[in-house]
Amino acid sequence: MRMSSMFSRTLREAPAGADCKGYEYLLRAGYIKQMGAGIFSLLPLGFRSITKIQEIVRQEMNRIGGQEILMPLVNPADIWKETGRYYSIDKEMARFKDRVGRDMVLAMTHEEAVTDIARGEIDSYKRLPLTVYQIQTKFRDDPRPRAGLIRVREFTMKDSYSFDRDQAGLEKIYNEHYNAYFRIFSRCGLPCIAVASDSGMMGGKIAHEYMYLSPIGEDTIITCKKCGYTANKQVAAFKKDYYPEDMKEIEKVETPEAKTIESLASYLNIKPEKTCKAVFMVGGFIDDKTGEEKEKLIVALIRGDMEVEENKLQHAARANELRPAHEEEITACKMVPGFASPIGAEGDFICIVDDSVAKSNNLVAGANETGYHFLNTNFGRDFQGTVADIASAKSGYRCPHCGAPLEASKGVEIGNIFQLGTKYSEAMNCYFQDEDGKQKPVIMGCYGIGIGRLLACLAEEYNDENGLKLPIAVAPYQVHLVSLLKDNSIADGIYEELQNEGIEVLYEDRKESAGVKFADADLIGIPIRITLGNRSLKDGNVEVKLRGTGETTNYSIEGLGKQIRQEIAKEQKKMDDAIIEKHL
RNA sequence: CGGGCAGUAGCGCAGGGGCUAGCGCACUUGGUUCGGGACCAAGGGGUCGGCGGUUCAAAUCCGCCUUGCCCGACCA
């Protein structure tokens, strides 16, 4: 490609609002262009990188037996009504009516679509297992796009779906994806870790997320350096300490002004872990069949020294969504905020009790009377509820496996894998006849990779003060040929030769000053730069500089194509040597 | 959806009731320069986000709307 006729240009200054380095360089180098909030075009450079990433993804998905398909972005709403997600997903999914008034949606994921196809294809166990995948556009009307390609509304995703006759089959293909994802990310050059995760709106039980650890990430990951335990904070477990003692008689005491755990603990001169904190949320419960929505007050009880993890609470309460409760909603159940507990409460509410409370004795809890608390309250005797782990893990807490201190870090989710089970096959009647003659629901898994987000993370990982330096496997071109001569005829010849060698060349043939050419080359960041200028030309040489390391070598113009092919092979080999394989 | 900031040339910004709306970069033409964002000269490009109001007069003041960014809620 000749720079003189390239569609995009570089920018000297970063457009306003480009807050992180990777995003700034992608914009300035002309890889991408913003069109609206969370909506981007890929320009030639960006599109070439994306294409390379997609090709790596294809190879690895094919390697584990995936068959590429392409499902429609526009789905009839009917299939989304079958699973209930037409109702349970809110404004994030774009909806419209077609010309005759049929409800349609822009699919934000494709479980419904793929299950719709599969139920027509899979009738016998002999057809299983199967895995299909696609690389396709998704639209999710995220209320808060940010950080360039990290969090967008329209994006390209690789999503695959597996179909098995039993759990063992699902676990096998799940494990194959687990490893394939490590191969994909390492082939792209992106360091990442897999963490146990929440299944969110996908349903299902076992799930992992692939995280690129970076301060720009929005997810919090809890890790144990000692034993390797990793989990998203939303689901991270930790070892809790209990202080069991014999139950004592409940007793009401005056506690004026003690509205918070700190003030209560200091007033009574006790430790926060001897108190029981009540957190009030309202859960939204949506009927999958009718779409009817109900709300109910949720009282979450947790020991005073811990915080409630809302995601865990939502699961424990089986709610579709949570919001903080209004004061009237609390008082309507005869509880007094600041001095609240379920003791003496009335009305329709759900009580979820963290096991830290359930396994502790003689805690101080609210008396539902302004200025009063109870001493020595005990779960089971004085109040009841559903016991679950709803506590939020944080840095310094102890690892659930080995007890070592946990650490928290930030990460960007670039992929995920879910064991769905039969949620979609049952809802959409995707059954097969097994060897024993019985009809059984197909067991499904789904697996996603955010392609654009992967590029964004790579740009974040590979840059310096001058611009991008993407690895050769994902860089838009392999070689940047920079001619500094007034007359381009020699450079034209080299350009021809390199192309004849099958090398991907970006050719700097513009009439610009040397400074501009070098600055743009650094910004775009093609891994191998060939400089043709008088300095080396007098010896019949060109200068070859690696963007990644700055290492410079002179090569003779004679036979340059072969030399450059070797350089490319060396760069590629470094990446191949770094391919990571991991199995569950 | 709450809170904050902003919208003036392709990009970055200045101007804040008055006469022809500016600057840097980018762009065009001519010339000089030629290995790390060159220089000289001459040019082109704007419904000042939209609609309405106040005024003799609005980019400038007021109202509504809209778009984008940041923080939060949210996020397979």
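So that the names make sense, note that chain A is the first sequence line, chain B the second, and so on, each numbered from 1.
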Separation between the [atom1] atoms of [N] and [M], rounded to whole Å:
{"N": "B:A59", "M": "B:G49", "atom1": "C1'", "answer": "12 Å"}
{"N": "B:C48", "M": "B:C19", "atom1": "P", "answer": "15 Å"}
{"N": "B:U32", "M": "B:C13", "atom1": "C1'", "answer": "31 Å"}
{"N": "B:G24", "M": "B:A9", "atom1": "C1'", "answer": "13 Å"}
{"N": "B:U55", "M": "B:G15", "atom1": "P", "answer": "28 Å"}
{"N": "B:C62", "M": "B:G46", "atom1": "C1'", "answer": "25 Å"}
{"N": "B:C51", "M": "B:A58", "atom1": "P", "answer": "14 Å"}
{"N": "B:U66", "M": "B:U29", "atom1": "C1'", "answer": "41 Å"}

So, is A:Arg146 near the phosphate of B:G72, with a side-chain N or O under 4.0 Å from OP1 or OP2?
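Indeed, a polar side-chain atom of A:Arg146 lies that close.
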Side-chain N or O of A:Lys91 closer than 4.0 Å to phosphate OP1/OP2 of B:C1:
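Yes, within the criterion.
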Using a 4.0 Å heavy-atom cut-off, does [X] contact any base of the nucleic acid, only the sugar-phosphate backbone, or nothing at all?
{"X": "A:Asp520", "answer": "base"}
{"X": "A:Pro15", "answer": "sugar-phosphate"}
{"X": "A:Phe155", "answer": "base"}
{"X": "A:Asn534", "answer": "base"}
{"X": "A:Glu310", "answer": "sugar-phosphate"}

For [N], give its Watson-Crick or G-U wobble partner with both distances under 3.5 Å, or none.
{"N": "B:A6", "result": "B:U67"}
{"N": "B:G36", "result": "none"}
{"N": "B:U28", "result": "B:A42"}
{"N": "B:C74", "result": "none"}
{"N": "B:C13", "result": "B:G22"}

Between [X] and [Y], does any side-chain N to carboxylate O distance fall below 4.0 Å?
{"X": "A:Arg144", "Y": "A:Glu218", "value": "no"}
{"X": "A:Arg9", "Y": "A:Asp520", "value": "no"}
{"X": "A:Arg153", "Y": "A:Asp142", "value": "no"}
{"X": "A:Arg183", "Y": "A:Glu60", "value": "yes"}
{"X": "A:Asp492", "Y": "A:Arg2", "value": "yes"}

Dump the intermediate steps for side chain to side chain donor-acceptor pair (under 3.5 Å) on A:Ser162 and A:Tyr174, then the final yes or no.
CA-CA 8 Å; A:Ser162 66; A:Tyr174 186 85; over 6 Å; no
Rounded to whole Å, how long is the line connecting atom [atom1] of [X] with atom [atom2] of [N]?
{"X": "A:Asn554", "N": "B:G35", "atom1": "CG", "atom2": "P", "value": "16 Å"}
{"X": "A:Phe518", "N": "B:A38", "atom1": "CZ", "atom2": "P", "value": "12 Å"}
{"X": "A:Lys545", "N": "B:G36", "atom1": "NZ", "atom2": "C1'", "value": "9 Å"}
{"X": "A:Lys517", "N": "B:G35", "atom1": "NZ", "atom2": "P", "value": "10 Å"}
{"X": "A:Glu543", "N": "B:G36", "atom1": "CD", "atom2": "P", "value": "11 Å"}
{"X": "A:Leu484", "N": "B:U33", "atom1": "CG", "atom2": "P", "value": "17 Å"}
{"X": "A:Arg9", "N": "B:C27", "atom1": "CZ", "atom2": "C1'", "value": "7 Å"}
{"X": "A:Leu11", "N": "B:A9", "atom1": "CG", "atom2": "P", "value": "15 Å"}

Starting the side chain at C-beta, find the nucleotide from [options] nearest to [X].
{"X": "A:Glu92", "options": "B:A73, B:G37, B:C75", "answer": "B:C75"}
{"X": "A:Lys486", "options": "B:C34, B:C25, B:G36", "answer": "B:C34"}
{"X": "A:Ala514", "options": "B:G35, B:G37, B:C11", "answer": "B:G35"}
{"X": "A:Ala37", "options": "B:G37, B:C69, B:C11", "answer": "B:C69"}
{"X": "A:Glu13", "options": "B:G36, B:C11, B:G72", "answer": "B:C11"}

Pick the nucleotide of RNA chain B nearest each of A:Arg151 and A:Ser536; which residue has the one closer to the 5' end?
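Of the two residues, A:Ser536 wins.
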Report the residue (A:Ala14 or A:Gly448) whose heavy-atom-nearest nucleotide on RNA chain B is the more 5′ of the two.
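Whichever sits nearer the 5' end wins; that is A:Ala14.
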What about [X]: does its side chain form a donor-acceptor pair under 3.5 Å with the base of [N]?
{"X": "A:Gln34", "N": "B:G68", "result": "no"}
{"X": "A:Arg144", "N": "B:G2", "result": "no"}
{"X": "A:Arg529", "N": "B:G36", "result": "yes"}

Show your working on salt bridge (charged side-chain N to carboxylate O under 4.0 Å, His left out) between A:Arg547 and A:Asp464 and close with a plain yes or no.
CA-CA 10 Å; A:Arg547 179 68 178 92; A:Asp464 61 17; 2.8 Å; yes
Is there a salt bridge (charged side-chain N to carboxylate O under 4.0 Å, His left out) between A:Glu307 and A:Lys394 once you walk through the steps?
CA-CA 9 Å; A:Glu307 299 294 326; A:Lys394 68 176 187 186; over 6 Å; no
